[in-house]
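In what follows, chains carry the letters A, B, and so on, assigned in the order in which the sequence lines appear, proteins first and then strands, with residues in each chain numbered from 1.
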Protein chains: 2
Amino acid sequence: MKQSIKVSVDAVVFGYDPDEGISILLIKRKFEPFQKFWALPGGLVKDDESLEEAVRRELQEEAGIDVNYLEQLYSFGKPERDPRNRVISIAYFGLVRPADYQLSAQTDAEDVAWFSIKKLPRLAFDHKVILDTAIKRLRGKIAYEPIGFELLDKKFPFSDLEKLYQILLDQEIDRRNFKKKIISYGFLEELDEVIQKKSGRPARLFQFNKKKYFELKEKGYNFDIFF
Amino acid sequence: MKQSIKVSVDAVVFGYDPDEGISILLIKRKFEPFQKFWALPGGLVKDDESLEEAVRRELQEEAGIDVNYLEQLYSFGKPERDPRNRVISIAYFGLVRPADYQLSAQTDAEDVAWFSIKKLPRLAFDHKVILDTAIKRLRGKIAYEPIGFELLDKKFPFSDLEKLYQILLDQEIDRRNFKKKIISYGFLEELDEVIQKKSGRPARLFQFNKKKYFELKEKGYNFDIFF
DNA sequence: CCAAAAGTGTTGTTGTTACACCCATGC
DNA sequence: GCATGGGTGTAACAACAACACTTTTGG
């Protein structure tokens with residue numbers, strides 16, 4: 001059987017800033033179709049690279065960014081999703097830490113930028129569908145896996161985590177109960193350092209201990225944050 | 001850029017029988033490579049069909065089966081997974097009801113059969129990896145979505161459900177607590193009919209009310225069964 | 001009357017929610 | 001000394017886990 005289907009990868013990369021909220025990385029297309037539309041970074045897979053390698057390469061080429069967490073999201077394969085010819089796309093889901101987030105925000109003038117998920121431009125192809133799938137995944141996943149930490153600095157004040165959950169779950173969270181619950185899991189380390197971002201009392205810094213988390217997970221612990 | 005990657009779909013289809021446990025559907029390969037090895041049903045996607053259409057077509061062609069639940073599982077794309085040329089496979093996850101399960105078990109003599117997940121043959125390509133991914137998904141998913149019902153007859157005695165969960169979670173479950181919890185969700189209907197499978201007291205039949213389930217889900221109910 | 005499977009409640013323990021005041025800093 | 005954000009405990013309530021005997025049928 002003769003088959004003429006092309007294979008591409010696309011990445012939905014999330015960044016977070018306690019003031020800006022959740023953003024995603026988009027690039028502006030140079031060529032037709034959808035010239036000058038904003039689109040997810042991505043492109044055709046090379047014959048000799050794995051899917052994940054392809055995503056990382058494209059992110060490097062198109063946005064100069066290194067994601068800190070990457071997982072496969074879903075594959076999109078409707079025959080009509082690309083007007084030229086059939087392309088199936090394997091979409092990935094990525095998270096970057098604030099350091100990278102800030103960095104790429106500088107490249108602003110070019111054709112790569114962060115967009116708050118609250119005010120998104122029209123996207124090329126079916127990228128809106130892909131994006132919506134990714135947002136759903138992020139919202140769902142944060143409740144039962146501690147991936148939130150991948151969006152924060154290695155050392156962060158507790159309030160950053162708190163705000164992240166409030167934004168993602170889109171609801172008020174009781175500060176005391178939230179802290180009690182997170183601390184009770186035992187994979188957070190409280191440091192002696194403090195930081196003062198704006199006014200007010202300086203905050204102690206915390207860090208996520210991945211090793212401890214995996215140990216606890218082995219023992220059949222299960223993380224879940226529902227309020 | 002010239003790309004020569006082929007796109008296929010593969011299906012991991014689960015069946016269940018309270019006595020046999022969980023089985024999956026395999027076909028025996030007629031041609032090289034991996035001639036005479038057992039493999040997941042699947043094949044190349046046609047240029048004008050969607051991915052899901054491709055899976056359903058292949059399952060119909062290769063096993064004469066109609067799955068009752070189907071979702072995308074994961075895409076496997078390592079460059080070396082097919083010895084001939086590069087093929088990326090989009091794997092699907094399916095569940096069939098006992099009626100279909102019995103039916104295909106008749107076709108036994110041919111090159112399609114059910115295998116208990118406890119004693120599997122060596123599989124072609126990387127199908128073992130795909131299968132393991134699917135089993136993990138099934139185990140994980142059954143705890144927070146009521147997909148277990150898709151593996152049972154439309155009307156079933158409560159003990160069938162009980163056994164299904166015990167097998168999948170691989171642990172004893174307290175019958176009273178389990179029933180209390182499931183009933184409390186309110187999406188099961190108790191019928192006036194009874195059934196007697198072996199010896200012992202006949203059992204009342206139940207059925208899953210999908211509509212009620214979706215209503216409850218809308219209201220922000222969340223199903224979860226952990227013990 | 002025995003074997004086999006179905007049906008059924010209560011209680012102690014644990015986890016979850018609701019709630020408000022003081023503390024450390026910069027200006 | 002005031003504005004800003006950080007830090008902390010307790011009590012009522014809800015959910016979960018542990019537990020065993022009775023009922024209906026067939027042989």
Run the salt-bridge test on A:Lys219 and A:Glu215 with the 4.0 Å N-O cut-off and return the result as yes or no. no
Any salt bridge between A:Arg57 and A:Glu53, counting N to O under 4.0 Å? no
B:Phe76 and B:Tyr74: aromatic ring centres closer than 6.0 Å? yes
Rounded to whole angstroms, how far apart are CZ on B:Phe156 and C1' on C:dA6? 15 Å
Here the distance between atom P of D:dG26 and atom NZ of B:Lys197, to the nearest Å, is 17 Å
What integer distance in Å separates B:Leu205:CG from C:dA6:P? 12 Å
Could you state the interatomic distance from CD1 (B:Ile167) to NZ (B:Lys118), rounded to the nearest 0.5 Å? 6.5 Å
Using the rule side-chain hydrogen bond (donor to acceptor under 3.5 Å, both in side chains), only one of A:Lys179, A:Arg175, A:Lys180 pairs with A:Asn177; which is it? A:Lys180
Can you list every salt bridge (Lys or Arg N to Asp or Glu O under 4.0 Å) pair that touches residues 197-209 of chain A, not counting sequence neighbours? A:Asp19-A:Lys198, A:Asp160-A:Lys197, A:Glu190-A:Arg204, A:Asp192-A:Arg204
Could you work out, with ring pair (Phe, Tyr, Trp, His ring centres under 6.0 Å) as the rule, every residue matching A:Phe187, not counting sequence neighbours? A:Phe149, A:Tyr185, A:Phe208, A:Tyr213, A:Phe223
Please report, rounded to the nearest Å, how far the P atom of C:dG7 is from the CD atom of B:Gln196. 12 Å
Salt bridge or not between B:Lys128 and B:Asp132? Use side-chain N to carboxylate O under 4.0 Å. yes
Interatomic distance, CG@A:Leu138 vs CG@A:Leu151, rounded to 0.5 Å, equals 6.5 Å
To the nearest Å, how far apart are A:Leu161 CG and D:dG6 C1'? 15 Å
For nucleotides 12-15 of chain C, print each protein N/O atom paired with a nucleotide N/O atom at under 3.5 Å, atom names and distance only.
none

Between P on D:dA20 and CD on B:Glu172, what's the gap in Å once rounded to a whole number? 15 Å
Polar-atom pairs under 3.5 Å, protein N or O versus N or O of nucleotides 2-5 of chain D: list them with distances, or write none.
| residue | atom | partner | partner atom | Å |
| --- | --- | --- | --- | --- |
| D:dT4 | O4' | A:Ser199 | OG | 3.2 |
| D:dT4 | O3' | A:Ser199 | OG | 3.3 |
| D:dT4 | O2 | A:Gly200 | N | 3.2 |

d(CD, A:Glu193; P, C:dA24) in whole Å: 20 Å
Are side-chain N/O atoms of A:Ser116 and A:Ser23 paired as donor and acceptor at under 3.5 Å? no
Mind checking what makes ring pair (Phe, Tyr, Trp, His ring centres under 6.0 Å) contact with B:Phe37, not counting sequence neighbours? B:Phe34
What is the separation between atom CD1 on B:Ile173 and atom C1' on D:dC19, rounded to the nearest whole Å? 17 Å
Which residues, if any, of residues 174-185 of chain B bring a heavy atom under 4.0 Å of DNA chain D? B:Asp174, B:Arg176, B:Asn177, B:Lys180, B:Lys181
